[in-house]
Amino acid sequence: MIRRKPLSVSDPTWFRYLLISLSLAVIGLFLVLPLWTVLTEAFAKGWASYRDSLMHPDALAAIRLTLLTAAVAVPLTTVFGIAAAWAIARFDFTGKNLLVTLIDLPFSVSPVIAGLIYVLVFGAQGWLGPWLAAHDIKIIFAVPGIILATLFVTFPFVARELIPLMQEIGHEEEEAALSLGASPWQMFFSITLPNIKWGLLYGILLCNARAMGEFGAVSVVSGHIRGLTNTLPLHVEVTYDEYDFVGSFAGASLLAGLAVVTLVTKTFLEWKQTQDIKTARLMSE
Amino acid sequence: MSITLRNIKKQFGDFIALNTINLEIPEGELVALLGPSGCGKTTLLRIIAGLEQADSGQVFLQGDEVTDQPVKSRQIGFVFQHYALFRHMTVFDNIAFGLRVKPKAQRPSKAEIKDKVHALLKLVQLDWLAGRFPEQLSGGQRQRIALARALAVEPSVLLLDEPFGALDASVRKDLRLWLRHLHHELNVTSIFVTHDQEEAMEVASQIVVLNKGHIEQQGSPSDIYDHPANPFVSQFIGQTNVFNLEQTDTFWLKNSGLPTPQTGRVAHVRPHDIELTKAANGAAQAVLKDWQQLGGLIRVELLKQEAGGQPATIFAEMPAEQFRQLSLQKGEGVAVRIRHAHWFH
């Protein structure tokens, strides 16, 4: 083993091993063991039972709704994120700091509150409730409410990721493209987008993980109507409450799988992004 | 293409970047916008390009007003200070970019683009770099690729923002000369921004001296050096010794053989307009403090001697050979003759 520091400054060996084993024990106890439990419980009654509980119409409906929610929320969040990051990184305007603070709001508000806000606005007793009822538009305890709540909790992810990246990259390449005769759209698709793509994908990935896994906000607005307004996390809860452990843990195993895929992709994207930032620094020397 | 600016004003918050700029640049010139940092020169360049909008005033290219036209339709080539090469594109794709984004009707064929890019790479003497990415190039190479990219769209005006600012001293010297030659070859009206007066003198055919948002003087390099319009230009361009008649220099200046003018209280004297001789006993006006060899020239540091006056440092320059013949020692007294001065109020 190569010593990087003189002996007098480095910590004693026993201390290092103590810290390392402590960290491993905590990770094992709180992360690996639960994941293992999810899998053993899901397969407790064998593969067939696992498959059956995932093929159950309610489970399938929950998966479909989760995918639909993500399919609507993620693109909207992406467009919003790019627009907000563009405005913040490129322009100076009054209220810029306020906008940055507001983008962070969903991080500091409890998701349950986020759900409640929508109930208060769109619910039967809410501000817009009577008008919505008169026009036969259902938002709360229906799919639109779930999508709205998901949008609320996910909308900072892409913007937060892009703002520092776009500030680091700067505006010069875009100006160069314009001076060479590119239209604003040509500039965006051939210069801006390739430069921010790894950061953007990173934001989309985190956003997608949250959109599919969100429980609190969605739980408040969903109404838990089986086969209609249950997303996968809600389906896990409902089946668990009914002592259908295989069904519950089978659903949970899907979410756990999503988490693992997210984690691996995330590591890759982080690595790609550091490369990009290194290049950005190199190029502005 | 000629460039005309009329009453250009630009403010950033409370800071006045440009205060009523009027400027006429004839076709085919290679112009330096010269000034200390923060004088507004880059802002002015960006306004000509259309990358920045003036608060008021007009921009004309070849007599046509383009004040409200976007950068895209001004037919300019812009070379950025840090080159702004597209980092995810090869050198070839960088140069081809301006041709590929043209509307279908005007877009050259693939073969034509290829020919053109290679011709430009030959022009900047970097044909062997076509497949590289910007991060793999040296500063000087990036600079020339940025220039080739700007030239690809055949601009009528070439604008360069601190083109040599980020380069090593040795590379900078080569590129200056090269830019001058390239300009002769292409004869496209060009403006470059610089804070380095030597660079402006060496490269430009016209110099515009800017200070605090307004134009101090415009003219050929020799015009500006030999006939500075005001104390700022005189001190900013080249070395200058400043003598103030109202202070204690009156007697000293008379002794140096400089006729006192009708107007003007402050004399600006170039180092090469000061002539030194060994002082006869008691006639020393200055003491030789130190000297440095600058190539074929010697720069002499003198301490001015005057009863009651503060000992001030004066710089004189002379050919090395002449200095040797004087055989002066450090600490020795010298007599000073001033051949010529610019007088200001």
Side-chain angles (χ1 to χ4, degrees), chain A residues 82 86-87 89-97 161-162 164-202 268-269 271-285, chain B residues 12-13 45-46 48-52 70-89 93-103 106-107 133-139 142 145-155 157-161 165-168:
Chain A
I82 293 173
W86 188 282
R90 297 286 181 258
F91 312 132
D92 275 318
F93 52 93
T94 37
K96 185 163 151 174
N97 287 334
E161 202 51 48
L162 288 186
L165 183 66
M166 289 177 78
Q167 279 168 339
E168 176 84 37
I169 290 174
H171 193 30
E172 271 203 341
E173 281 177 54
E174 287 155 2
E175 285 185 334
L178 291 178
S179 80
L180 290 168
S183 69
W185 284 116
Q186 282 173 321
M187 175 201 81
F188 179 76
F189 284 108
S190 55
I191 306 300
T192 313
L193 209 52
N195 279 349
I196 62 170
K197 66 172 175 241
W198 297 118
L200 182 64
L201 283 176
Y202 185 89
F268 171 74
L269 290 176
W271 174 72
K272 272 291 185 192
Q273 247 187 309
T274 8
Q275 302 290 103
D276 269 9
I277 286 173
K278 268 191 206 148
T279 316
R281 299 232 162 103
L282 196 77
M283 299 278 292
S284 60
E285 262 171 16
Chain B
F12 294 108
L45 194 75
R46 291 171 60 85
I48 297 172
L51 292 169
E52 204 98 54
V71 48
K72 176 179 155 89
S73 48
R74 291 194 190 190
Q75 269 198 290
I76 52 104
F78 201 100
V79 178
F80 291 81
Q81 188 175 0
H82 298 294
Y83 322 130
L85 293 178
F86 306 134
R87 67 195 74 193
H88 62 274
M89 292 185 198
D93 292 337
N94 260 281
I95 299 176
F97 184 85
L99 302 170
R100 288 178 179 157
V101 295
K102 280 182 191 286
Q106 300 159 33
R107 197 182 307 157
F133 282 91
E135 57 182 310
Q136 300 167 308
L137 308 181
S138 73
R142 279 181 212 168
I145 296 302
L147 197 57
R149 182 179 70 179
L151 290 173
V153 291
E154 291 173 14
V157 177
L158 190 59
L159 305 171
L160 307 104
D161 188 7
L167 299 172
D168 295 338

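Residue numbers start from 1 in every chain, and the chains themselves are labelled A, B, ... in the order their sequence lines are given, proteins ahead of strands.
- Side-chain contact between B:F78 and A:E175 is absent, with no heavy atoms from C-beta onward closer than 4.5 Å.
- Put simply, of B:R100, B:R87, B:K102, the one with the most heavy-atom pairs under 4.5 Å next to chain A is B:R87.
- Side-chain contact between B:M89 and A:I191 is present, with at least one heavy-atom pair separated by less than 4.5 Å.
- Taking A:F268 as the reference, A:W198 meet the ring pair (Phe, Tyr, Trp, His ring centres under 6.0 Å) condition, with sequence neighbours excluded.
- Looking at B:A146, neither its backbone nor its side chain comes within 4.5 Å of chain A, counting heavy atoms on both sides.
- The CZ atom of B:F86 sits 11.0 Å away from atom CD of A:E172, with the distance rounded to the nearest 0.5 Å.
- Contacts between B:R46 and chain A at a heavy-atom distance below 4.5 Å involve the side chain alone, from C-beta outward.
- For the atom pair CZ of B:R149 and CG of A:L180, the computed distance is 5.5 Å after rounding to the nearest 0.5 Å.
- Counting heavy-atom pairs closer than 4.5 Å to chain A, the top-ranked of the candidates B:A49, B:P70, B:A84, B:G77 is B:A84.
- For B:L85, the parts sitting under 4.5 Å from any heavy atom of chain A are the backbone and the side chain alike.
- Here the CG atom belonging to B:N94 is positioned 8.0 Å from the CD atom belonging to A:E173, to the nearest 0.5 angstrom.
- Not a single ring pair (Phe, Tyr, Trp, His ring centres under 6.0 Å) links B:F133 to another residue, sequence neighbours left out.
- Side-chain atoms of A:S179 and B:I76, non-hydrogen and from C-beta on, do get closer than 4.5 Å to each other.
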